[in-house]
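Written out below as structure tokens is the structure these notes cover.
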Amino acid sequence: MEKKLSSSNKLIAKNALFLYFRLLFTLSIGLYASRLILNILGVVDYGIYNVVGGVVALFAFLQASLSGATTRFLNIHMLNGIEQLKIVFNTALIMHFILAIVILIFSETLGLWLVVNKLSIPENRMTVSIIVYQLSVVSVIVSILQIPYDAAIIANEKMNIYASFSILKAIFNLILIFFVRYLPYDKLFVYAILILIVSIIVLILVQLYCRNFFLETKFAFLFDRKIFKDMTSFFGWDLYGNMSVVLKIQGVNIIQNIFFGPVINASVAIVSQAQSGLSTLGSNLALAATPQMIQCYSKNDINRMFLLLSQGTRLAFYLVLIVSLPLVFYPKYILGLWLGTVPYYADSFLSLSLLSSIISISFLLLNPIIHATGKMFRISFITGSIYLVSLPLTYMLFKYGFSPMAPYYLNFVIVILAGITNLYIVQKYIPQFKVSIFFRKVLFRMYMVFFCSSLAAYVISNNFKLYPIFSMLIIVFFIFILILSIGINKTERKYLLNLIRTFIRSNELFKKIKNKK
């Protein structure tokens with residue numbers, strides 16, 4: 001039994017490493033590509049591309065719901081044999097075709113009306129903006145058709161393959177930017193159509209891989225009414241929650257466009273990419289642990305599921321904290337290195353959004369547990385409503401003259417309320433879980449590290465006139481010391497120190513230094 005658990009833990013660790021390599025590679029390329037495309041398109045066209053694409057994303061909330069449903073049902077039925085998996089996969093594939101048609105209808109009616117009549121777009125760029133919108137609609141449909149295949153890769157815990165396709169797409173996206181620079185056509189139009197072509201190529205490659213290595217992904221006219229009903233029920237309750245999150249993100253982006261124009265949207269897009277990349281540090285670990293957490297629930301191995309929850313939450317939180325906190329206090333320096341010229345409000349947006357991300361990571365692994373139960377009403381309706389209320393509040397704040405930073409302050413409060421709500425939802429669904437114990441053993445240690453390191457970072461950034469990169473390294477070192485001293489328990493500290501000693505003893509460089517002495 002212990003060997004099996006050790007093997008499972010090693011698989012999670014290995015998959016997490018693949019995902020972190022994917023993150024490092026794609027984030028590096030993505031940040032460099034953003035700088036290039038911002039310079040090529042200009043601030044206005046870059047802002048137009050992101051806000052127009054955001055309108056399509058308003059209807060793509062359905063995509064996130066079906067992705068969660070597909071992954072959950074494939075994991076639940078992983079122990080039931082290949083024939084059952086074939087039925088689940090093909091039923092999910094049919095649902096995704098239906099979803100693609102629904103999104104196409106909404107996008108060509110309500111979405112198109114919103115772009116033409118409500119967005120703040122310069123008159124001379126309206127025609128190309130509509131064309132870019134249509135290309136974005138097709139891109140979303142392509143990504144929807146890829147979801148079941150991605151879910152199959154994740155359910156089979158082949159994170160190296162999942163990472164490889166993401167890296168390949170990032171490389172393609174970087175290469176296409178050089179085509180945009182030199183092709184003698186409208187840059188915004190060329191960029192949008194090349195992004196679509198890359199999406200189609202990656203979809204074909206993912207499908208070919210899955211059909212060759214996972215028998216369940218070969219298309220067949222298999223359809224199970226009961227599975228369809230269960231997936232639809234799960235999808236239906238999950239729909240409201242995902243719709244609320246997407247409406248909150250893209251809706252605020254559109255409201256900012258209405259009040260402040262596309263220049264602010266360029267800053268929002270830059271910050272969103274940086275925040276998304278850093279948040280992925282934590283979500284990668286969640287992605288690696290999710291299949292086993294769901295399978296633990298299906299086998300009624302609740303103790304192991306909670307062990308994965310507590311250890312995974314702390315590891316994800318500390319990873320994000322180490323990388324994000326120095327950027328919170330030196331945003332202008334980092335954005336200057338990245339972009340050269342820092343867009344208006346981008347440094348303030350980045351600091352506030354990263355603080356929200358640090359807090360939200362501490363509740364991230366609660367979602368797979370709630371999804372494993374299949375009881376989606378509370379997390380969707382209550383948590384979704386908390387996110388959704390930020391839309392009218394943001395509109396009112398802007399109406400009364402507040403700055404573009406207002407939604408970022410509001411988001412900090414929203415994230416805390418949603419996280420606390422999810423804690424009590426897990427306790428409601430799984431009585432063995434106690435919020436008080438989770439807070440004492442996990443959250444209290446994490447937040448002590450967060451508050452102490454934030455205080456230290458504030459003192460360093462405001463009182464020591466050091467070169468920013470040195471100050472940031474000092475902050476990282478201080479966080480690491482706090483993690484070792486108060487952030488982990490005695491057993492984990494002993495294990496980590498032994499691991500470091502083993503690494504030092506086995507390292508040839510350290511051996512040579514010791515022999516010289």
Side-chain angles (χ1 to χ4, degrees), residues 33-34 36-64 99-146 172-173 176-177 179-203 243 246-270 272-273 343 391 395 398:
S34 295
L36 288 178
I37 202 64
L38 178 62
N39 290 333
I40 292 169
L41 295 182
V43 172
V44 172
D45 272 6
Y46 188 73
I48 288 172
Y49 179 79
N50 282 280
V51 75
V52 167
V55 173
V56 184
L58 279 173
F59 305 111
F61 62 84
L62 299 167
Q63 174 184 346
L99 169 65
I101 294 170
V102 170
I103 286 185
L104 181 63
I105 293 169
F106 273 104
S107 298
E108 293 302 326
T109 52
L110 181 59
L112 190 59
W113 173 84
L114 188 60
V115 170
V116 174
N117 295 286
K118 293 298 178 181
L119 292 187
S120 177
I121 296 173
E123 190 174 341
N124 65 327
R125 302 302 289 157
M126 180 57 75
T127 300
V128 73
S129 296
I130 293 172
I131 295 171
V132 168
Y133 174 78
Q134 300 292 352
L135 293 170
S136 298
V137 171
V138 181
S139 294
V140 167
I141 290 173
V142 168
S143 68
I144 288 169
L145 298 179
Q146 187 176 323
F172 283 160
N173 285 341
L176 70 83
I177 290 173
F179 284 96
V180 174
R181 183 188 293 275
Y182 296 110
L183 286 175
Y185 304 103
D186 187 286
K187 306 298 183 188
L188 182 57
F189 166 75
V190 171
Y191 181 62
I193 199 165
L194 288 177
I195 286 286
L196 171 59
I197 291 170
V198 167
S199 298
I200 294 171
I201 292 171
V202 172
L203 169 63
M243 176 191 71
V246 174
L247 279 173
K248 179 253 180 188
I249 295 171
Q250 301 300 337
V252 167
N253 195 14
I254 291 170
I255 292 171
Q256 285 177 312
N257 172 269
I258 292 170
F259 280 90
F260 303 107
V263 173
I264 286 294
N265 291 120
S267 296
V268 172
I270 289 292
S272 294
Q273 184 175 6
L391 270 180
Y395 186 86
F398 287 162

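The basis for the numbers below is simple: all heavy atoms, side chains too, and nothing from hydrogens, waters or symmetry mates.
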What is the distance from atom CD of E108 to atom OH of Y133, rounded to the nearest 0.5 Å? 6.0 Å

Does any N or O in the side chain of T109 come within less than 3.5 Å of the main-chain N or O of F106, such that one atom is a donor and the other an acceptor? yes

Separation of S139 OG from I144 CD1 (nearest 0.5 Å): 11.0 Å

Under the side-chain hydrogen bond (donor to acceptor under 3.5 Å, both in side chains) test, residues paired with Q146 that sit two or more places apart: D150

Determine whether L135 and F189 satisfy the following criterion, side-chain contact (heavy atoms from CB on, under 4.5 Å), listing intermediate values before the conclusion. CA-CA 9 Å; L135 293 170; F189 166 75; 4.3 Å; yes

Closest heavy-atom contact between V198 and N173? CG1-OD1, 3.5 Å

Taking it one step at a time, do I130 and L112 satisfy side-chain contact (heavy atoms from CB on, under 4.5 Å)? CA-CA 8 Å; I130 293 172; L112 190 59; 4.2 Å; yes

Student check: side-chain heavy atoms of L203 and S199 closer than 4.5 Å: no

So CZ of F398 and CD1 of I258: to nearest 0.5 Å the spacing works out to 10.5 Å

From CD1 (I200) to CG (L145), nearest 0.5 Å: 10.5 Å

If you round to the nearest 0.5 Å, how far is CG of L196 from OG of S143? 10.5 Å

For a quick test of reading the model, state the closest non-hydrogen atom pair linking F179 to L194 and the distance between them. CB-CD1, 3.8 Å

